Asks: 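Supplied in structure tokens, the structure appears directly below.
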Amino acid sequence: CRECAFKIDFPCALSTPLTIQSDRHNHPLAFFSFVAQYLRCRVCNRLITSGFLRCLRCKFDMHLFCISKLPTTVKHGCHLHPLTLTRYPIKDYEDEGDDSEFLCDACEEKRTLSEPTYYCAECHFVAHVHCNVSEVKS
């Protein structure tokens, strides 16, 4: 889009986006798994660095985890146990600093400590909320 500098690759442009209805916005929100430009969440006003939701009608962007009613427990396809939503920072090891690099166990991409995650206490499996988007949608 020349007007807002939004870019998308060809396969994604042809696919039907996964949409979610939220009480935080009047229109359906399309899920995007990557951020191609500088965006701010219109709910919490923080920078969007991972999967996000966008209203294609009015350019409303928000974190997936800013949906007010996320499921408290989900089942991820690549993990044996159910995952529990946590809004507390989960470090890989207790002695790590807040500035260490933390990875999502589902996609192996960087995760930010301040963002909510889904977590298995038994195995210490930590996953982005957006890596569980099919569970969040249902």
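Just so it is clear, the structure is predicted and the values come from calculations on it, not from any experiment.
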Asks: Tell me the closest heavy-atom pair linking Cys104 and Ala127, and the distance in Å.
Replies: SG-CA, 3.5 Å
Asks: What is the minimum heavy-atom distance between Leu47 and His63, and which atoms define it?
Replies: O-NE2, 3.1 Å
Asks: Taking the side chain as every heavy atom from C-beta outward, state whether His124 and Tyr119 have any atom pair closer than 4.5 Å.
Replies: yes
Asks: Determine whether more than 12 heavy atoms belonging to other residues, nucleotides or ligands lie under 6.0 Å from atom NZ of Lys91.
Replies: yes
Asks: Where the side chain of Thr86 meets the backbone of Tyr88, is there a donor-acceptor pair that is under 3.5 Å apart?
Replies: yes
Asks: Hydrophobic clustering (ILVMFWY, side-chain heavy atoms < 4.5 Å, transitive) - are Phe65 and Phe60 grouped together?
Replies: yes
Asks: Same hydrophobic cluster for Phe31 and Val43, using side-chain heavy-atom links shorter than 4.5 Å among ILVMFWY?
Replies: yes
Asks: When rounded to the nearest 0.5 angstrom, what distance separates CE in Met62 from CZ in Arg46?
Replies: 12.0 Å
Asks: Is there a donor-acceptor pair under 3.5 Å between the side chain of Arg87 and the backbone N or O of Pro116?
Replies: no
Asks: Look at Asp61 together with Arg42 and state whether they make a salt bridge at an N to O cut-off of under 4.0 Å.
Replies: no
Asks: Using a 4.5 Å cut-off on heavy atoms from C-beta on, say whether the side chain of Thr49 contacts that of Glu115.
Replies: yes
Asks: Would Val129 end up clustered with Val74 when hydrophobic side chains under 4.5 Å apart are linked, directly or stepwise?
Replies: yes
Asks: Please determine, by modelled atom types, if His128 and Tyr118 share a side-chain donor-acceptor pair under 3.5 angstrom.
Replies: no
Asks: Taking all non-hydrogen atoms of both residues into account, name the closest pair between Leu113 and Ile90 and its distance.
Replies: CD2-O, 3.4 Å
Asks: Heavy atoms only: give me the nearest Glu108-Leu103 pair and the separation to one decimal.
Replies: O-CD2, 3.9 Å
Asks: Tell me, with the steps shown, if His25 and Cys58 meet side-chain contact (heavy atoms from CB on, under 4.5 Å).
Replies: CA-CA 10 Å; His25 190 69; Cys58 56; 3.2 Å; yes
Asks: Could you pull out all residues at least two apart from Thr112 that satisfy side-chain hydrogen bond (donor to acceptor under 3.5 Å, both in side chains)?
Replies: none
Asks: First locate atom NE2 of His130, then atom CD1 of Ile48, and finally report the distance between them rounded to the nearest 0.5 Å.
Replies: 12.0 Å
Asks: Measure the acute angle between the ring planes of Phe52 and Phe32, then classify it against the limits of 30° and 60° as parallel, tilted or perpendicular.
Replies: parallel
Asks: Could you tabulate the donor-acceptor pairs under 3.5 Å formed by side-chain atoms of residues 78-85, not counting sequence neighbours?
Replies:
from	atom 1	to	atom 2	distance (Å)
His81	NE2	Glu122	OE2	3.4

Asks: Got a second to check how far Ile67's CD1 is from Leu29's CG, nearest 0.5 Å?
Replies: 7.0 Å
Asks: Would you mind reporting whether His76 and Cys120 have side-chain heavy atoms less than 4.5 Å apart?
Replies: no
